[in-house]
Amino acid sequence: MKKLMSGLHEYQYRIFNSQKDLFERLSRGQSPEALFITCSDSRINPNLITQTDPGDLFILRNAGNIVPAFGASNGGEGATIELAVSRLGVKDIILCGHSHCGAMDALFNSERYRDLPMLSSWLSNAEATRKIVLENYGGVPMDDLLNVASQENVLVQIEHLRTHPSVAARLAKGDLNIHAWMYKMETGAIFGYDPIQGQFLPAVELSEDSPQKSRIRLVGL
Ligand SMILES: [Zn+2]
């Protein structure tokens, strides 16, 4: 806690004061650019990797960047999505998976996680990911398999996202874009899914508007 307490001090006495105008403006309301859905993993920092400020991203995090399909759960995920999409009117949703994801490890090595019943239950929302990977990537070594699983899981969770009425309505109206991203933490690179080429490409090669309209097989990073 020592590190956190000294950070609090630094924030309150130096950082906050240097950005007083921003926080004063934000105290009157928020208008975030995007809903950013990612894993709880401590090694991912959405504001850092996108170089954004407080107020820019409405963030939803959980183990495995999972979005239960509409009606599958009454958890906070659906409420957060509704707020961002129907109330705050975000124009973009980014669903960002990452390399070395512990949740993907748990999905494929469930015997090692038997003492975590809540996690096992939660991962049933990624059962399609498990099935897709097992039936399409036979013979792939476990490390690569988990990497592929992280990518497939982003696409599966985007399918779940589309089942939420608030999202479906805005997609039908054509004023909401969904982006599939993968963060490779060992290089800091972000890859975005290109539905035309059916694979994740370095995000810097994607145009700013590269909406995810269709799901096509991916071929790996
Ligand atoms: Zn993760």
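Atoms within a ligand are numbered from 1 in the order they appear, just like the ligands themselves. Position 1 is the first residue of the sequence; numbering continues from there.
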Does atom OH of Y113 have more than 12 heavy-atom neighbours from other groups under 6.0 Å away?
yes
For M1, the hydrophobic cluster (side chain heavy atoms closer than 4.5 Å, chained through members) also holds L4, M5, L8
So, does T163 use its side chain to make a donor-acceptor pair with the main chain of F70 at under 3.5 Å?
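Yes, because the side chain of T163 sits within donor-acceptor range (under 3.5 Å) of the backbone of F70.
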If we check side chain to side chain contact (heavy atoms under 4.5 Å, CB included) with I37, which of these qualifies: I59, L161, I178?
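So, applying the side chain to side chain contact (heavy atoms under 4.5 Å, CB included) to I37 and each of I59, L161, I178, only L161 qualifies.
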For the Zn ion (ligand 1), check which protein N, O or S atoms are under 2.8 Å away and list them.
C39 SG, H98 NE2, C101 SG
Q199 and D194: side-chain donor and acceptor closer than 3.5 Å?
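Not at all, the side chains of Q199 and D194 share no donor-acceptor pair under 3.5 Å.
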Decide whether D92 and H179 meet the rule of one side-chain donor and one side-chain acceptor closer than 3.5 Å.
yes
